[in-house]
Amino acid sequence: MDRSSIGISEVYTLPNVQNVAEGSRFVVGVPVGTKSINKLGFELSGTVFTSAHIDTVEALINGSPVQQYLEAAHAELLQDYYGDPTPADRFCLQFGRSHLSRKSERELFLIGTSDVDTLQVQGNIAGSTAPAISAYEQRTVLMHGSDSPAKVAQRNRLGLFTKVKNFTYTLTGAGTTEIDNIPKEAFLQAVHLIQSSDVITNVEAWIDGRKIWDASKSRMTNEVQDAGRTKQASVYHLDWMLENELGGQLPLVGVQDFRLKISHSAGATVNAYAEYLSQI
């Protein structure tokens with residue numbers, strides 16, 4: 001679908017913010033319609049309330065989770081990696097990918113809502129005092145000047161987007177651990193291995209017996225930084241979009257075996273975040 005546009009970025013308040021209280025799960029309802037969303041922002045205030053007090057975050061489209069984070073801090077870490085940092089008094093879910101070099105490709109990742117029934121963001125609040133959230137959206141209407149209303153609606157339908165899933169693994173002692181249960185869905189953009197302590201020394205990625213990635217921590221760091229990324233502390237990044245354009249994603253449809261072989265100097269817990277170019 002051609003999503004190139006002359007639309008401009010707009011910022012709107014989201015009025016439907018519910019259940020904001022210590023120990024509760026907040027829900028933000030995002031109005032749907034003929035538009036495409038680049039970012040959802042949540043301004044945090046209260047006696048004690050920052051993004052460090054938010055966990056188990058989900059973005060849901062038509063009730064299905066499309067982005068999941070164990071902690072708001074993990075979403076921020078990924079955004080920092082791609083060059084979209086967020087201060088502690090504000091939490092964001094970034095759908096657009098500003099690091100891509102072409103405008104038409106950046107627009108491809110926006111969340112079109114003309115054919116969506118519901119869009120929600122949920123998260124748990126823990127350890128805060130008198131929390132408050134003011135939510136907003138950064139959106140655009142993708143269109144050409146001569147488009148009919150039906151064509152504008154078509155341009156702003158939900159197409160491809162970045163789906164984020166997370167998994168937790170345990171590395172025991174020094175040695176090598178294999179992970180073979182990351183879902184083989186659509187096109188894999190990146191895997192981020194967030195470690196409780198910085199113990200990963202090398203990672204290999206294999207598809208159906210063929211090695212497609214083999215990099216020490218220092219080599220990985222050099223490669224991602226050469227591409228304009230910001231390597232995060234205690235994180236190993238496997239990134240298949242280092243050229244900042246579509247076409248480099250790792251196709252996993254039809255793959256029988258996809259596994260990571262992780263070399264580590266000691267034990268640690270790893271939260272793995274897989275980013276897919278996918279759809280509902």
- Message: If I compare all heavy atoms of H264 with all of T201, which pair ends up nearest, and what's the gap?
- Response: N-OG1, 4.0 Å

- Under 4.0 Å between a Lys/Arg side-chain N and an Asp/Glu carboxylate O for R90 and E43? no

- Query: Roughly how far, to the nearest 0.5 Å, is OH of Y169 from CD of Q195?
  - Reply: 14.5 Å

- Task: Evaluate the side-chain proximity of Y69 to L93: yes if any heavy-atom separation is below 4.5 Å, no if none is.
- Result: yes

- Given Q68, which of K165, E58, H74 fulfils the side chain to side chain donor-acceptor pair (under 3.5 Å) condition? E58

- Hey, can you tell me if H237 and Y81 have their rings parallel, tilted or perpendicular (30° and 60° cut-offs)? parallel

- Within a strict 4.5 Å, meaning less than it, do heavy atoms of the N181 and F167 side chains meet? no

- Query: Do I182 and L193 share a hydrophobic cluster (ILVMFWY, side-chain heavy atoms under 4.5 Å, transitive)?
  - Reply: yes

- Query: Step by step, would you call E107 with R155 a side-chain contact (heavy atoms from CB on, under 4.5 Å)?
  - Reply: CA-CA 10 Å; E107 290 178 346; R155 290 186 187 278; over 6 Å; no

- Just by distance, do the side chain of R219 and the backbone of D214 share a donor-acceptor pair under 3.5 Å? yes

- Rounded to the nearest 0.5 Å, what separation is found between the CG atom of L100 and the CG atom of L108? 9.0 Å

- Can you tell me if S114 uses its side chain to pair, donor with acceptor, with the backbone of A153 under 3.5 Å? yes

- Within-4.5 Å side-chain heavy-atom neighbours: Q18 and F26: no

- Query: Is there side-chain contact between L77 and Y273, with heavy atoms separated by less than 4.5 Å?
  - Reply: no

- State the CD-CE distance between Q225 and M220, to the nearest 0.5 angstrom. 8.5 Å

- Cluster link L242 to F109, ILVMFWY, side chain under 4.5 Å: no

- Task: Carefully, step by step, assess N38 and Q94 under the rule side-chain contact (heavy atoms from CB on, under 4.5 Å).
- Result: CA-CA 6 Å; N38 178 52; Q94 182 83 33; 3.6 Å; yes

- Query: Between E204 and N202, does any side-chain donor sit less than 3.5 Å from a side-chain acceptor?
  - Reply: no

- Message: Would you say V164 ends up clustered with I54 if hydrophobic residues are merged whenever their side chains have heavy atoms under 4.5 Å apart, either directly or through other cluster members?
- Response: yes

- Task: Check whether V203 and L252 end up in the same hydrophobic cluster, where Ile, Leu, Val, Met, Phe, Trp and Tyr are linked by side-chain heavy atoms less than 4.5 Å apart.
- Result: yes

- Message: Looking at T50 and A52, would you say the former's side chain and the latter's main chain have a donor-acceptor pair under 3.5 Å?
- Response: yes

- Mark yes or no for whether T113, through its side chain, and G33, through its backbone, hold a donor-acceptor pair below 3.5 Å. yes

- Task: Determine the minimum heavy-atom distance between F42 and V28, stating which atoms define it.
- Result: CE2-CG2, 3.7 Å

- Query: Mind checking whether T172 and T177 have side chains closer than 4.5 Å, heavy atoms only?
  - Reply: no

- Query: Counting only heavy atoms not in F187, do more than 12 fall under 6.0 Å of its CZ?
  - Reply: no

- Query: Could you state the interatomic distance from OH (Y12) to CD1 (I37), rounded to the nearest 0.5 Å?
  - Reply: 12.5 Å

- Note on the structure: To the nearest 0.5 Å, atom CG of L44 lies from atom CZ of F49 at 4.5 Å

- Side-chain donor-acceptor pair under 3.5 Å between T34 and N156, yes or no? no

- With sequence neighbours excluded, what pairs up with S98 under the side chain to side chain contact (heavy atoms under 4.5 Å, CB included) test? D84

- When you look at F95 and L110, which way does the side-chain contact (heavy atoms from CB on, under 4.5 Å) test go after all the steps? CA-CA 6 Å; F95 300 116; L110 304 184; 5.6 Å; no

- Rounded distance [0.5 Å steps], CZ in R97 versus CD in Q79: 10.5 Å

- Locate the shortest heavy-atom distance separating C92 from Y136; write the atom from each residue and the value. SG-OH, 4.1 Å

- Query: Is there a donor-acceptor contact under 3.5 Å from the side chain of N271 to the main chain of I194?
  - Reply: no

- Query: Is there a side-chain contact between S24 and I125, using heavy atoms and a 4.5 Å cut-off?
  - Reply: no

- Message: Restricting to non-hydrogen atoms, name the atom on S51 and the atom on E76 that form the minimum distance, rounded to 0.1 Å.
- Response: OG-OE2, 2.9 Å

- Check: A227 main-chain N/O paired with N244 side-chain donor or acceptor under 3.5 Å: yes

- Query: Would you call D55 and L70 a side-chain contact if the rule is heavy atoms closer than 4.5 Å?
  - Reply: no

- Message: Test of understanding: clusters of I, L, V, M, F, W, Y form through side-chain heavy atoms closer than 4.5 Å, transitively. Do L277 and I212 belong to the same one?
- Response: no

- Item | D198 and K217: CA distance, side-chain angles, deciding distance, side-chain contact (heavy atoms from CB on, under 4.5 Å) verdict | CA-CA 10 Å; D198 195 5; K217 179 175 71 173; 3.3 Å; yes

- Note on the structure: Nearest heavy-atom contact between A135 and V17 is CB-CG2, 3.8 Å

- D180 side chain to R259 main-chain N or O, any donor-acceptor pair under 3.5 Å? no

- Return the minimal non-hydrogen interatomic distance between E185 and S278, and the atom names on each side. OE2-OG, 2.7 Å

- Task: Mark yes when over 12 heavy atoms from residues, nucleotides or ligands other than E243 sit less than 6.0 Å from its CD; otherwise mark no.
- Result: no

- Query: Donor-acceptor pair, N124 side chain versus R25 backbone, under 3.5 Å?
  - Reply: no

- Positive for side chain to side chain contact (heavy atoms under 4.5 Å, CB included) with L171, one of T269, T176, V270, I179: V270

- Query: Is the backbone N or O of G127 less than 3.5 Å from a side-chain atom of E22, with the two atoms forming a donor-acceptor pair by type?
  - Reply: yes

- Between E275 and the options H192, Q67, Q189, K163, the side chain to side chain donor-acceptor pair (under 3.5 Å) test singles out H192

- Message: Any non-hydrogen side-chain atom of L14 less than 4.5 Å from a side-chain atom of P31?
- Response: yes

